[in-house]
**Q** 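Below is one structure. I have some questions about it.
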Protein chains: 2
Amino acid sequence: MSDVAKLAGVSTATVSRTLQNPETVKEETRQKVFKAIKALDYMPNVLARQLRRMETKTILVVVPNIENNVFSQIVGGIDAVANERGYKVLLGNTNHRVEKIYDYIDHFKQRQVDGMIVLLSNLPDPVLQDLANEFPIVVTPDAKATVEVSTVTLDNVESGKRATDHLLKLGHRRIAHISGTLDITSSQDRLQGYQQAIVEGGYFVDHTLIKEGDFTFSSGFEAMSALLNTSVPPTAVFCASDEMAMGAIKSIKSRGLKVPDDIAVVGFDNIKFSEVFEPTLTTMAQPLFQMGKKAMTVLIERINNEALEEQHFIYQAELIVRESCGVIFR
Amino acid sequence: MSDVAKLAGVSTATVSRTLQNPETVKEETRQKVFKAIKALDYMPNVLARQLRRMETKTILVVVPNIENNVFSQIVGGIDAVANERGYKVLLGNTNHRVEKIYDYIDHFKQRQVDGMIVLLSNLPDPVLQDLANEFPIVVTPDAKATVEVSTVTLDNVESGKRATDHLLKLGHRRIAHISGTLDITSSQDRLQGYQQAIVEGGYFVDHTLIKEGDFTFSSGFEAMSALLNTSVPPTAVFCASDEMAMGAIKSIKSRGLKVPDDIAVVGFDNIKFSEVFEPTLTTMAQPLFQMGKKAMTVLIERINNEALEEQHFIYQAELIVRESCGVIFR
DNA sequence: CCTATCGATGTAATCGATTACATCAGAAGC
DNA sequence: GCTTCTGATGTAATCGATTACATCGATAGG
């Protein structure tokens, strides 16, 4: 920078101002500086700026595993806004190992990032709370109500209810539910929505029809197999993920039964392959990209102290009707 | 840091040494320093260190779109090694817009990253060459041989050949190929492998059996539909991606034909859903996670000047035989 | 006993920008 | 004509660690 200043015949302060606050520099001087910058092919050293300003224009995204399409879609949304607003995205893959996140928390304390978006951390409440009190943090898409922190979530209760309702409306009375791991709020909420729909429909919840899965294809397969082994199997199943729904369907088919004729299935997530699978999956579509965008937007407000209180945004899932539930609208 | 120094009764230099080169500090002093660090809950400011050392311990991964499973698997591998070696991973999503990469290139010039891994950039040769001459760069999984830069690639010619060979061995003579976009080397190589297999088998390449797709489900569907509309449709198809293979199968089924009975299909990539799809897909599995790990390892060597020449690593794909080709080994 | 060497530590320059404060010329107001 | 204000620019402190060099005491060798 001093080279540029020398060549332009001004001080380094003027060079800096030309780049950061052009309006405070005379047009003529500005031109000289720009000419010198171009002549020397000068690029500011961002590290020095960051040190002085104590900001990095970088945010950290902690994700259980980036290979999972649900998370990578959210990251896509985060990245879109980050780019637009001049932020960089640092990826923190925990591979489901909770302790890994403590390494990432140090990034904060070392001022390596200005903020953080946590995707499903399983971090103990007090730890997260302490962190959120001190640093800008947004949690998505699974957040516990017990921590005061900004969140971007899905209305999982309502979504679970609407998925189940759809099956009720189609005339099903024995509707099973294969939930996600019940240690996360989203799974609990979807289960709750399922129960609400049944109760509000005037029926009783049969707990033998509820099985806990872990969102994977194979857990869906096994849960469904267990349901089929009972004396009175369900006529419909609401699964908390599309992967589990596919597993369930595979299990149903393996018994020589047909979907949706013998058993109707509704999934959750609307992953890419849900419209490729046979039968195509009726599912609750989460606006994941949108949610990622919102999470980043909220985080930036927080970083700039534009929003002092924590904010909560709740999105609605969209019911996408395809073949697996037995009705196709055109 | 000066607070720590004061409390421990030493200079800042000693504090720094205690953390960076503990062996040069007397055990007793070291203890005093550690005690002071703990008492004050001190964390070094990494920005200052970076500025002084002119290194960021951060690498940039430029990826066309992170939502694509092929890329996110490679990123997973990169991330694994990065973590192990104390590097952070900055994500650069280009969303297939080539010009976006120029923004990321500035990161280099501004010394925001120590190195870069490029996943399928479509960057013009001269630009990439200039960059590679000046900075540590690794290209994967699609690289042009015309640029001198370290690469981690798949042997796409051999892979295409083996996939096609497998179909030849099963007795097929009219084998079609649905390629990826032919502007990238991997697609050209897979096509070349396909042609080699046919020629070496003693047959002739029929160019009406070659269709260009773009790796997507729908392009596979359309390419297959076009093939089925010809007077003598193929009895087997080798697709350059699993997604296209699924599209092709959907097209075949929509004509009332059966896979593999009427037409055998082989895919490429071994994405997660290839074993869920019906029929399960025979496919060439790329060791994507491994390739990501290797790319990062090579990059680190380059950053540390351990490897002065550019290096090239070529991986082999593994043929995974499932239902869609008509033979199942147990 | 003196000097060379070494180990442990301190002093202060350094990385490269940003920015509070100082300076100065010229315009405006009285 | 003198003061005051304003706009443009320069001077130098600053961010917080790292590290070349300096210092000093102790030990070893002669």
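Side chains are part of it too, since the values below use all heavy atoms of this structure and drop only hydrogens, waters and symmetry mates. To find a chain, count down the sequence lines: A is the first, B the second, and so on, and within it residues start at 1.
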**Q** Nearest whole angstrom, please: distance from the P of C:dA17 to the CD of A:Q50.
**A**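 Checked: the CD to P distance equals 12 Å.
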**Q** Would you compute the distance between atom CD1 of A:I59 and atom OH of A:Y87 and round it to the nearest 0.5 angstrom?
**A**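 These two atoms lie 9.5 Å from each other.
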**Q** Can you tell me if B:Y104 and B:N93 form a side-chain donor-acceptor pair at under 3.5 Å?
**A**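 Judged by distance alone, the side chains do not pair up.
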**Q** Could you give the CZ-to-C1' distance, from B:R49 to D:dT19, as a whole number of Å?
**A**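 Roughly 13 Å, once rounded to whole Å.
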**Q** Inspect the contact between B:D125 and B:K144 and indicate whether a charged nitrogen and a carboxylate oxygen are less than 4.0 angstrom apart.
**A**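 Yes, B:K144 and B:D125 are salt-bridged.
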**Q** Any ring pair (Phe, Tyr, Trp, His ring centres under 6.0 Å) involving residues 19-57 of chain B? Give me the pairs, sequence neighbours left out, ordered by first then second residue.
**A**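 Of all non-adjacent pairs touching residues 19-57 of chain B, none passes ring pair (Phe, Tyr, Trp, His ring centres under 6.0 Å).
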**Q** With a 4.0 Å cut-off on heavy atoms, is B:Q20 in touch with a base, just the backbone sugar-phosphate, or nothing at all?
**A**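 Sugar-phosphate contact only - B:Q20 comes under 4.0 Å of backbone atoms but never of a base.
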**Q** Can you tell me if B:E28 has over 12 outside heavy atoms packed within less than 6.0 Å of its CD?
**A**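 No, because the 6.0 Å sphere around CD of B:E28 holds 12 heavy atoms or fewer from other groups.
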**Q** Would the number of heavy atoms belonging to other residues, nucleotides or ligands and lying under 6.0 Å from CD of A:E27 be above 12?
**A**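 More than 12 heavy atoms, drawn from other residues, nucleotides or ligands, come within 6.0 Å of this atom.
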**Q** Do any N or O atoms of the protein come closer than 3.5 Å to N or O atoms of nucleotides 11-15 of chain D, and which pairs are they?
**A**
from: D:dT14; atom 1: O2; to: A:R52; atom 2: NH1; distance (Å): 2.8

**Q** Which residues pass the side chain to side chain contact (heavy atoms under 4.5 Å, CB included) test with A:K294, not counting sequence neighbours?
**A**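 Testing A:K294 for side chain to side chain contact (heavy atoms under 4.5 Å, CB included), a comparison that skips the adjacent residues, returns A:V152, A:V298, A:F313, A:Y315.
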**Q** With sequence neighbours left out, what residues match A:D183 under side-chain hydrogen bond (donor to acceptor under 3.5 Å, both in side chains)?
**A**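 Expected list: A:T181.
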**Q** Quiz question: by atom type and distance under 3.5 Å, do the side chains of A:Q50 and A:K57 form a donor-acceptor pair?
**A**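 Judged by distance alone, the side chains do not pair up.
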**Q** Can you pull out the residues from residues 21-40 of chain A that lie within a 4.0 Å heavy-atom distance of DNA chain D?
**A**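 By residue number: A:V25, A:K26, A:T29.
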**Q** In whole angstroms, how far is the C1' atom of D:dG16 from the CG atom of B:L19?
**A**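 Rounded to whole Å, this separation is 13 Å.
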**Q** Could you state the atom-to-atom distance from CD of A:E55 to P of C:dA17 in whole Å?
**A**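 Going from CD in A:E55 over to P in C:dA17 covers 16 Å.
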**Q** Rounded to whole angstrom units, what separation is found between the CE atom of B:M43 and the P atom of D:dA17?
**A**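 Nearest whole value for this atom pair: 12 Å.
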**Q** So which of residues 2-10 of chain B are in contact with DNA chain C, with a heavy-atom cut-off of under 4.0 Å?
**A**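 Correct list: B:G9, B:V10.
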**Q** Assess whether side chain to side chain donor-acceptor pair (under 3.5 Å) is satisfied between B:N45 and A:Q110, documenting all intermediate values.
**A** CA-CA 5 Å; B:N45 181 314; A:Q110 295 167 178; over 6 Å; no
**Q** How long is the gap from CG on A:L40 to CG on A:L7, to the nearest 0.5 Å?
**A**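 If we round to the nearest 0.5 Å, A:L40:CG and A:L7:CG are 5.0 Å apart.
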